[in-house]
Number of protein chains: 2
Amino acid sequence: MTGQTRIQRRNRETILTAALAVFSQYGFRGATLDQIAKQAGLSKPNLLYYFPSKESIHVELLEGLLDTWLDPLREMNAGGEPVEEILAYVRRKLDLSRDYPQESRLFANEILQGAPRIAENLSTELKELVDEKAVVISGWADAGRIARVDPHHLIFSIWAMTQHYADFDVQVRAVLGPGHDPFAEAEQFLNTMFTKLLRPV
Amino acid sequence: MTGQTRIQRRNRETILTAALAVFSQYGFRGATLDQIAKQAGLSKPNLLYYFPSKESIHVELLEGLLDTWLDPLREMNAGGEPVEEILAYVRRKLDLSRDYPQESRLFANEILQGAPRIAENLSTELKELVDEKAVVISGWADAGRIARVDPHHLIFSIWAMTQHYADFDVQVRAVLGPGHDPFAEAEQFLNTMFTKLLRPV
DNA sequence: TCTTGATTTGACCATTCGGTCAAAGGCACG
DNA sequence: CGTGCCTTTGACCGAATGGTCAAATCAAGA
């Protein structure tokens with residue numbers, strides 16, 4: 001039922017990898033099929049044998065991405081120890097930024113351009129998940145197990161700070177100068193920051 | 001010495017405003033001169049009468065931007081009350097995000113693409129200013145007037161969280177749903193967050 | 001008014017864009 | 001071997017790209 005030969009699977013994978021590199025740097029409109037083809041080591045007509053259009057490649061990347069991107073939040077467990085659960089979420093999100101910076105930049109590019117291709121997912125799928133977890137966090141605050149903070153903006157702050165290290169990597173490294181490991185230092189800093197924010201009074 | 005007529009000043013301003021709108025949404029490569037011309041209400045050859053090339057428009061925007069963008073940090077006063085100085089910086093930076101979101105996105109786009117046109121400014125001008133202010137912050141921590149945190153990552157966190165509300169505006173609004181004022185809520189949240197982080201132990 | 005220089009633009013150019021297509025090349029299986 | 005299908009590509013297309021240029025228009029001072 002897969003309907004895919006070995007060659008098909010391999011080439012589609014090659015193309016998506018190349019497209020990720022190009023789209024994540026230049027955005028959808030700034031990227032060209034020739035660039036992607038060259039990066040993939042294939043001819044342009046060959047790309048279009050595996051995908052019907054430039055847009056279809058972009059859409060396939062984005063769809064595969066949103067799920068992966070939200071997994072760390074889904075894993076946040078209402079039954080766990082509150083501060084530890086949130087800190088673990090921060091760590092997982094920072095790991096994603098370190099290990100998949102291109103995916104982070106692809107997402108950032110899409111949002112910067114007004115999210116034309118995933119606006120709907122944001123206000124349905126994403127909003128539902130965040131609202132659900134916001135209830136959990138509010139519950140923890142009600143029980144006095146964490147300090148009371150706006151749960152939506154808490155989640156925004158986690159996104160902002162972790163994704164910053166992927167999206168603005170060039171700037172971070174330029175400012176820190178050589179001899180630094182931005183992600184290791186970030187883990188320390190974020191740990192301190194969110195511990196102080198959440199520790200119940 | 002200005003060498004500019006009234007018309008020149010007005011049209012260059014019109015063009016830069018239009019270009020800001022287009023570049024900030026699509027990035028340098030994704031933006032087209034036709035789009036900018038249309039947005040400015042001028043013909044394409046007329047654009048190129050005032051600017052020698054697409055790139056020159058982009059460069060002029062970026063150069064004008066970096067200064068404005070760093071002003072809030074420059075204003076941070078070593079002689080002031082430490083926590084209040086840092087909170088005021090956060091507020092100023094958030095105001096910039098609210099009032100000049102296009103500028104924020106233009107900058108984000110440039111960094112996402114690897115900062116090809118301002119990489120040097122980052123590792124000189126920007127780094128110097130940040131290093132200087134990092135010394136001030138460290139001094140405050142030495143004196144026990146704020147908690148000890150990594151000053152560079154403190155500054156990164158301020159950038160990340162304030163710019164997030166401009167750059168990811170679409171996402172923030174999609175998740176919050178209608179009836180919210182993201183920036184007003186953010187001010188509250190950031191105030192709490194940085195107060196807790198910095199309050200000396 | 002006339003003149004001069006600043007301003008504007010229609011027509012155009014070479015190149016690149018996303019995409020098509022027919023033909024050629026490769027591969028598995030009888 | 002041969003057949004049939006999967007895969008690959010060179011040549012090409014119309015549209016859009018950044019940019020040019022000569023000619024037309026405008027505005028202000030003599």
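As a basis for the values below, the full set of heavy atoms in this structure was taken, side chains included, without hydrogen atoms, waters or symmetry mates. Just so we're on the same page: letters track the sequence lines, and every chain starts at 1.
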A.B. asks: Distance under 6.0 Å and angle within 45° of the ring axis: does B:Arg12 meet both against B:Phe51?
C.D. replies: yes
A.B. asks: More 5' along DNA chain D: B:Pro45 or A:Gly41, using each one's nearest nucleotide?
C.D. replies: A:Gly41
A.B. asks: Check every strand shown and say whether B:Leu48 touches a base, only sugar-phosphate, or nothing at a heavy-atom separation below 4.0 Å.
C.D. replies: base
A.B. asks: Under 4.0 Å between any heavy atoms, over every strand shown, what does A:Ile7 touch: base, sugar-phosphate, or nothing? Just pick one.
C.D. replies: sugar-phosphate
A.B. asks: Does D:dT8 have its OP1 or OP2 closer than 4.0 Å to a side-chain nitrogen or oxygen of A:Tyr50?
C.D. replies: yes
A.B. asks: Above 12 or not: heavy atoms from other molecules or residues under 6.0 Å from CD of B:Gln188?
C.D. replies: no
A.B. asks: When the nearest nucleotide of DNA chain D is assigned to B:Arg6 and to B:Ala31 on a heavy-atom basis, which residue is associated with the more 5' position?
C.D. replies: B:Ala31
A.B. asks: Are there over 12 heavy-atom neighbours, none belonging to A:Tyr100, within less than 6.0 Å of that residue's OH?
C.D. replies: no
A.B. asks: Could you say whether A:Pro52 or A:Gln35 is positioned toward the 5' end of DNA chain C, judged by the nucleotide with the nearest heavy atom to each?
C.D. replies: A:Gln35
A.B. asks: What is the distance, rounded to the nearest whole Å, between atom CG of A:Asp34 and atom P of D:dT17?
C.D. replies: 16 Å
A.B. asks: Indicate yes or no: does A:Arg91 engage A:Glu84 in a salt bridge with an N to O separation below 4.0 Å.
C.D. replies: yes
A.B. asks: Ignoring backbone atoms, establish whether A:Tyr49 has a side-chain N or O less than 4.0 Å from OP1 or OP2 of D:dT8.
C.D. replies: no
A.B. asks: Can you measure B:Ile36 atom CD1 to D:dT17 atom C1' for me and round it to whole angstrom units?
C.D. replies: 12 Å
A.B. asks: Going by the side chain to side chain contact (heavy atoms under 4.5 Å, CB included) test, name the single residue among B:Asp95, B:Leu94, B:Asp99, B:Val172 that passes it with B:Phe183.
C.D. replies: B:Leu94
A.B. asks: Give me the first and last nucleotide of DNA chain C, going 5' to 3', that has any atom under 4.0 Å from a heavy atom of chain A.
C.D. replies: C:dC17 to C:dC21
A.B. asks: Check this one for me: any side-chain N or O of A:Gln8 less than 4.0 Å away from OP1 or OP2 of D:dT7?
C.D. replies: yes
A.B. asks: Whole angstrom is fine here: how far is it from CG in A:Leu33 over to P in D:dT17?
C.D. replies: 15 Å
A.B. asks: D:dT9 C1' sits how many Å from A:Lys38 NZ, rounded?
C.D. replies: 18 Å
A.B. asks: In terms of relative ring orientation, are B:His153 and B:Phe156 parallel, tilted or perpendicular, with 30° and 60° separating the classes?
C.D. replies: perpendicular
A.B. asks: In whole angstroms, how far is the C1' atom of D:dT8 from the NZ atom of A:Lys44?
C.D. replies: 15 Å
A.B. asks: Contact between B:Asn109 and B:Tyr26 at the side-chain level, heavy atoms closer than 4.5 Å - yes or no?
C.D. replies: no
